Every structure is written in structure tokens, then in C-alpha cells.
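Okay, structure first, notes after.
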Amino acid sequence: MLGEIGLAPMAGVTNWSFRKLCFEYGAQFAFTEMISADSVVRNISINNKYFPRCEEKDKVAVQIFGSDPFIMAQAAKIVEGKGAWIDINAGCPVKKIVKRGAGSALLRDLKRLKQIIYEVKKNVNCKVSVKVRLGWEKNEFEKIYNAVVEAGADAIFVHGRTAKQMYSGKATWELKNEGYIPFYINGDINSLEIAKIAKEISGADGVLIGRGAIGSPWIFSKNQIGLVERLEIILRHIDLLYEEVGERAAVEFRKFVSGYTKNLRNAREFRVSVMKILDVEELKTTFTLYFEKLAA
Ligand SMILES: Cc1cc2nc3c(=O)[nH]c(=O)nc-3n(C[C@H](O)[C@H](O)[C@H](O)COP(=O)(O)O)c2cc1C
């Protein structure tokens with residue numbers, strides 16, 4: 001919708017601080033973590049932490065999930081204006097979401113998915129996209145694509161696996177871009193070179209990168225990142241996360257450690273030691289000493 005390469009939505013990962021780093025290294029757009037439409041309608045204050053900040057508002061979509069078309073439409077009205085556009089989650093395979101008829105459960109009830117898109121579109125003035133998978137248990141992308149287009153969505157993002165596959169096997173990029181609405185391919189895209197291949201195979205207008213960006217926000221950049229710059233990014237990430245969540249930053253940063261230390265010497269031992277740290281300054285010092293040792 002906004003360029004050719006975006007950061008995929010990831011609950012617990014794509015918060016403000018991480019989005020900021022990805023933008024700095026070339027991501028052109030991003031999403032919030034998924035937000036429950038029910039909780040938006042009930043006005044639960046915790047949602048405020050998810051909404052985009054002012055400076056990024058024009059390039060971050062607010063992603064909502066739910067199963068009731070009218071609650072989704074109400075939630076969309078409330079979040080309209082908090083981000084660049086609204087994205088509907090029709091791809092999440094997590095049990096507790098699917099049990100409620102939301103996320104990828106919508107892929108086995110296309111009538112409902114269409115109604116959700118239709119009601120949301122009717123209720124807002126901003127663009128509305130949908131993020132899907134190939135299907136529930138088999139590849140039915142053509143049917144899903146047609147349903148999404150017919151219901152009036154403005155763009156589609158597809159993770160090239162079925163819901164049943166979760167994250168197993170390889171994502172397929174062998175899909176056809178019919179070209180009615182902007183079409184983005186996603187799944188297993190771990191570099192700009194691979195992004196180009198996935199785009200060529202699928203004919204997609206652009207790509208989303210998810211897990212490949214965790215602990216590698218520079219994945220969006222053409223430039224090589226050396227050890228000195230890698231440490232700078234890590235320290236900055238910790239500072240930004242601290243600004244966002246306070247002392248919890250030391251614990252929340254743990255999910256990025258594996259990515260940031262990929263292919264480094266003695267990474268395994270280092271990771272074990274870092275996972276115990278509860279203090280942000282100690283975390284920064286520990287990283288600095290580790291990188292000094294690597295450089296020596
Ligand atoms: C930790 C994690 C959280 C995720 N949360 C969401 C989410 O909130 N909304 C969504 O649409 N997809 C979510 N996804 C799926 C990703 O957006 C993406 O489709 C998937 O990871 C495949 O792309 P990748 O191979 O580039 O990671 C999540 C994935 C991961 C790994």
C-alpha cells in the first residue's frame with residue numbers, strides 16, 4: 001500500500017521501538033501488533049500502548065482481529081485515524097484466536113470474512129487491507145483473493161502457508177497476482193535478494209518481512225552492517241525499548257537476542273548469560289563487553 005517492502009505484523013515484537021529501527025533501515029510501512037476488536041469496543045485502556053505514535057502514523061496500519069462483523073466495524077471506526085489504514089487479521093492460526101472464530105478461522109468461513117470487510121469498509125473512510133494465509137488446510141488462495149476483492153478491500157497481504165501448517169514447511173510464493181488490488185507476498189523472506197525472487201515468482205507488488213527482521217532491523221537496507229554498527233543498533237534498541245516500556249525492557253529485549261547474535265562467536269554461551277539480566281544498564285554493558293571481545 002505504501003511502497004514495496006514492509007515490516008509484517010508480529011504480536012509481542014513489532015512495537016513502536018522496533019518499528020522505529022526498521023523504518024530507519026528502510027522499511028517503508030509497518031503494522032501494529034494485532035489488537036482485539038472486542039477490547040477496542042470495550043475501550044480497554046491497554047490498547048493505547050499499541051497505537052502508532054504521531055511521527056509514524058502515516059505509515060503504520062492498525063491491525064484488528066475479531067469474528068463479529070459489526071464489532072469489527074465499530075472497532076474500525078474507533079481506530080480510524082490512529083494509523084495510516086486498517087488491516088484485518090484473517091491469518092492468525094493461534095488456537096485461542098481461532099477458537100473465537102477470528103484470525104485464520106475466517107478462511108473457512110469466507111462469507112463471514114466478506115461481511116467483515118464489507119461492514120468495516122462501510123464504516124470508515126480510510127483504506128482497509130486484509131492479511132490472509134493460503135487457506136485453512138489447503139491452498140484456496142484464488143477463492144480467498146476473489147472474496148477479498150469482491151468485498152471491497154483495498155489491498156491483500158498473503159503469508160504463503162495454510163493455517164494448518166502454522167510455520168512448518170516452506171512458504172509458497174507461487175501465486176498469481178490478478179492485479180485488482182495491491183498484492184503483497186510474505187513468508188520466509190529473509191533478505192532483499194530473496195524478496196526480489198519472491199516478488200518475481202508471485203508477481204506481487206511488494207513484500208512483507210517478519211521473522212527475518214527480528215534482531216536484524218537492517219534487513220531492509222542494502223548496506224552491510226559491521227560489528228561496530230551492530231552493537232550501536234543493539235544499544236539504541238535497548239534505549240528505545242526502555243523509553244517505551246521502562247525497566248521491563250531488559251526482559252522484553254530477550255526475544256531479540258538470538259537474532260542480534262546470529263553467526264557470532266560464542267553466541268550460545270553469551271545468550272545464556274544475557275537471559276538472566278533484569279537491569280537495562282547491565283544488559284548494555286554485557287553486550288558492549290561481548291562485542292569488545294569479538295573485535296579483539
Ligand atoms: C511472533 C510472531 C507474531 C506474529 N503476530 C502476528 C500478528 O499479530 N498479526 C498477523 O497478521 N501476523 C502475525 N504473525 C505472522 C507474520 O506477520 C508473518 O505472516 C509470518 O511470520 C510469516 O512471515 P515471515 O516468514 O517473514 O516471518 C506473527 C508471526 C510471529 C513469528
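Counting starts at 1 for both ligands and their atoms, following the listed order. All of these numbers come straight from a predicted model, not from anything done at the bench.
For ligand 1, the atoms lying closer than 4.0 Å to a non-hydrogen atom of Arg211 are 21 (O), 24 (P), 25 (O), 26 (O), 27 (O), 31 (C). Numbered from 1 in the order shown, with element, the atoms of ligand 1 that lie under 4.0 Å from a heavy atom of His159 read 19 (O), 20 (C), 22 (C). Interface of Ala8 with ligand 1, defined as ligand atoms under 4.0 Å from a residue heavy atom, comprises 17 (O).
Taking the ring centre of Tyr50 as origin, the terminal cationic atom of Arg19 falls outside the region bounded by 6.0 Å and 45° from the ring axis. For the pair Lys131 and Phe31, the NZ or CZ position fails the cation-pi test of under 6.0 Å to the six-membered ring centre and within 45 degrees of the ring normal.
With hydrogens left out, the protein atom closest to atom 23 (O) of ligand 1 is Asn186 ND2, 3.0 Å, a heavy atom. What sits closest to atom 15 (C) of ligand 1 on the protein, heavy atoms only, is Tyr167 OH, 3.4 Å. Protein heavy atom at the shortest distance from atom 6 (C) of ligand 1 is Pro9 O, 3.1 Å. Atom 11 (O) of ligand 1 has its closest protein heavy atom at Gln63 NE2, 2.8 Å.
Of the N or O atoms in Ala11, one or more lie within a sub-3.5 Å distance of an N or O in ligand 1. Considering both main-chain and side-chain atoms, Ile189 never comes within under 3.5 Å of ligand 1 through any nitrogen or oxygen pair.
Contacts between Asp188 and ligand 1 below 4.0 angstrom, taking non-hydrogen atoms only, involve backbone and side chain alike. Residue contacts with ligand 1, taken as heavy atom pairs separated by less than 4.0 Å, do not involve Arg161 at all. Here Met10 has heavy atoms under 4.0 Å from ligand 1 in both its backbone and its side chain.
The side chain to side chain contact (heavy atoms under 4.5 Å, CB included) test with Ile209 is passed by exactly one of Ile189, Asp188, Leu7: Ile189.
Closest non-hydrogen pair, Leu241 versus Ala249, comes out as CD2-O, 3.6 Å.
Residue Lys255 places its NZ atom among more than 12 non-hydrogen atoms of other residues, nucleotides or ligands, all under 6.0 Å distant.
At least one heavy atom of Gly187 sits closer than 4.0 Å to an atom of ligand 1.
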